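Single-structure report; data block below.
Not measured: the values here are computed from a predicted model. So that the names make sense, note that chain A is the first sequence line, chain B the second, and so on, each numbered from 1.
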There are 2 protein chains.
Amino acid sequence: MADGRQTMYRKVAADLRQAIADGAYGSGGRLPAEGELATRYGVSRGTVRQALAVLRADGLVTSRRGTRRVVLGTARVQSFGELLSFTRWARSIGEEPGGRVVEIIRSPADEVEREQLRLEPDAEVYRVLRVRTLSGVPVMVERTVYPEHIGALVEALDPHAVSHTVPLQEQGVLFTDAHHTIDLALADADDARLLGCLVGDPLLRERRRTTDPAGSPVEWSQDRYLPGTVAFTVHNSTAVTSLSRRTGI
Amino acid sequence: MADGRQTMYRKVAADLRQAIADGAYGSGGRLPAEGELATRYGVSRGTVRQALAVLRADGLVTSRRGTRRVVLGTARVQSFGELLSFTRWARSIGEEPGGRVVEIIRSPADEVEREQLRLEPDAEVYRVLRVRTLSGVPVMVERTVYPEHIGALVEALDPHAVSHTVPLQEQGVLFTDAHHTIDLALADADDARLLGCLVGDPLLRERRRTTDPAGSPVEWSQDRYLPGTVAFTVHNSTAVTSLSRRTGI
DNA sequence: TTGTTCGAGTTGTACAGCCAACCCTGGCTA
DNA sequence: TAGCCAGGGTTGGCTGTACAACTCGAACAA
């Protein structure tokens with residue numbers, strides 16, 4: 001739960017999500033009308049609509065004028081936190097996550113890094129190279145670049161700490177928005193050594209720029225997964241479009 | 001333009017999007033207050049909030065309590081239509097799309113297809129194998145499965161038709177929701193022959209299930225891209241989570 | 001049988017208002 | 001100097017209302 005604040009619409013959304021997961025309306029079944037739900041939960045229709053917008057964005061229900069909402073699927077949707085943190089994701093699927101910092105370097109930011117992290121010309125950054133494991137098996141190499149003030153916190157962590165994002169969040173570093181680019185990369189010498197594959201082997205690559213509530217970039221990361229260990233799933237609709245296709249690189 | 005209906009909040013959203021793209025507020029700059037915008041556009045604050053929710057979902061602005069919204073980026077965001085249709089996407093980036101149907105087969109649906117398209121046990125499907133090109137160069141192999149009533153429409157199209165989704169939409173087949181899974185696949189004999197690569201070469205794979213406004217599946221597709229031709233980009237936030245990570249297959 | 005019309009039901013859009021939670025700054029205090 | 005605090009500004013959450021746009025089945029007509 002990335003955000004546990006209890007508000008009416010969150011409670012309604014959580015309850016409906018549970019009901020859908022339990023199959024109370026069936027796959028392809030119809031939800032009760034907004035007005036129905038409003039009286040049932042003792043809230044206004046606006047609040048119900050707010051809750052339903054959440055489920056809509058998650059791809060759990062459709063919605064169109066004139067007819068009741070239809071259940072699209074009962075798939076469990078991950079929270080923002082589980083997506084951002086390898087550790088939380090691994091635990092959510094019942095795996096034992098691990099990690100080891102291979103290298104931390106502090107040095108002046110290059111042009112791309114300054115652009116991505118929106119830094120001043122003379123700013124320094126921390127570059128962290130890390131291998132991540134599931135049940136002890138290496139599955140991903142993570143190269144993260146942090147602005148100086150956050151990198152300093154990361155450097156102070158235990159190199160064998162399972163998670164970085166969790167302690168960072170405990171120290172007040174908030175992650176709220178992330179922009180991901182997913183494509184394919186070929187293993188370099190570091191990847192091959194850390195993942196136990198060959199140089200040139202294909203890897204699924206996710207590049208990510210994460211920002212805090214104020215819109216300041218807090219990390220710029222490049223993760224490379226061994227094939228078969230993960231797939232990325234996205235839901236989008238005419239109502240909510242957050243996915244797009246780009247030309248390579 | 002996936003949806004050209006003119007409503008107040010759409011107009012406001014479009015105008016703000018343009019202003020942001022023009023750099024009127026700068027990257028990292030602050031938007032005017034909701035109340036400000038409301039009086040400026042002559043609408044209520046609720047309508048402004050609706051417009052801003054759109055921009056928020058697209059990752060253009062942040063939003064948090066207590067302070068004005070901040071511009072996150074000025075990146076052009078693709079419409080749902082450009083994402084769904086290879087043709088529209090190609091044109092939007094100034095490339096010349098092409099396509100050729102290699103094979104259309106009609107036969108009983110197997111178990112996976114019945115599950116994905118939510119079909120009856122004895123239902124038949126159309127399987128379309130197609131190669132897609134950019135400026136004449138093959139970049140993607142598309143394997144789409146359609147339920148019978150839609151497949152019949154596809155079969156009637158010109159095998160060299162550049163787009164299938166456009167004529168389908170003209171004939172009243174609506175695409176509103178899509179669920180995507182992105183991972184890596186290895187080229188089989190068909191892929192190698194059509195894309196001009198070797199069997200076993202890595203390809204970026206996107207599997208997609210698209211549904212209509214009523215929630216009925218209209219296509220189940222598997223696209224395989226040559227590396228370097230496309231990357232998928234996603235924005236998500238604590239407010240809107242539509243991306244997730246899955247275990248491989 | 002087929003097509004049309006009608007109307008009840010439902011969601012979409014928009015308005016207005018209220019208060020809480022939160023950010024930030026400037027002034028005050030120790 | 002450093003820290004605290006008050007207050008104005010801003011967004012989040014919620015309510016209530018009204019009407020428009022749309023779906024879908026039932027009744028009806030050809």
B:G66 or B:A214, whichever maps to the more 5' nucleotide of DNA chain D: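 First, find each residue's nearest nucleotide; the 5'-ward one identifies B:G66.
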Donor + acceptor pair across side chains of A:N236, B:H180 (<3.5 Å):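 Judged by distance alone, the side chains do pair up.
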Distance-only side-chain donor-acceptor flag, B:R207 / B:T181, under 3.5 Å: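 There is no such pair (donor and acceptor under 3.5 Å, judged by atom type) between the side chains of B:R207 and B:T181.
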Residue list, side-chain hydrogen bond (donor to acceptor under 3.5 Å, both in side chains) with [X], at least two apart or on another chain:
X      : answer
B:Q169 : B:R88
B:Q171 : none
A:T144 : A:S221

Using atom [atom1] of [X] as one end and atom [atom2] of [N] as the other, report the distance to the nearest whole Å.
X     : N      : atom1 : atom2 : result
A:R30 : D:dC24 : CZ    : P     : 8 Å
B:R68 : D:dG12 : CZ    : P     : 14 Å
A:R65 : D:dT23 : CZ    : P     : 9 Å
B:L37 : D:dT11 : CG    : C1'   : 12 Å

Touch class at under 4.0 angstrom, heavy-atom based, for A:R49 against every strand present: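 Base contact - A:R49 has a heavy atom under 4.0 Å of at least one base atom.
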Which residues share a side-chain contact (heavy atoms from CB on, under 4.5 Å) with B:S27, sequence neighbours left out: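 With neighbours one apart ignored, the set is A:R118.
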Set of residues satisfying side-chain contact (heavy atoms from CB on, under 4.5 Å) with respect to B:A19, sequence neighbours excluded: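 Testing B:A19 for side-chain contact (heavy atoms from CB on, under 4.5 Å), a comparison that skips the adjacent residues, returns B:A24, B:Y25.
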Degree of bending in the helix from C:dT1-D:dA30 to C:dA30-D:dT1 once both end axes are built from five pairs, to 10°: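 Nearest ten degrees gives 20° for this helix.
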Check salt bridge (charged side-chain N to carboxylate O under 4.0 Å, His left out) between [X] and all other residues, then give those that pass, not counting sequence neighbours.
X      : result
A:E142 : A:R130, A:R132
B:R114 : none
B:R106 : B:E124, B:E148
B:E36  : B:R40

So which protein N/O to nucleotides 14-16 of chain D N/O distances come out below 3.5 Å?
unit_1 : atom_1 : unit_2 : atom_2 : d
D:dC14 : OP1    : A:M8   : N      : 2.4
D:dC14 : OP2    : A:Y9   : N      : 3.3
D:dT15 : OP2    : A:S44  : N      : 2.7
D:dT15 : OP2    : A:S44  : OG     : 3.0
D:dT15 : OP2    : A:T47  : OG1    : 2.5

Start and end of chain A contact along DNA chain C [non-hydrogen atoms, under 4.0 Å]: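 First-to-last contact on DNA chain C, by the 4.0 Å heavy-atom rule, is C:dG9 to C:dT13.
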side-chain N/O A:T67 vs D:dC22 OP1/OP2, d < 4.0 Å: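 False: A:T67 side-chain N/O out of range (4.0 Å or more) of D:dC22 OP1/OP2.
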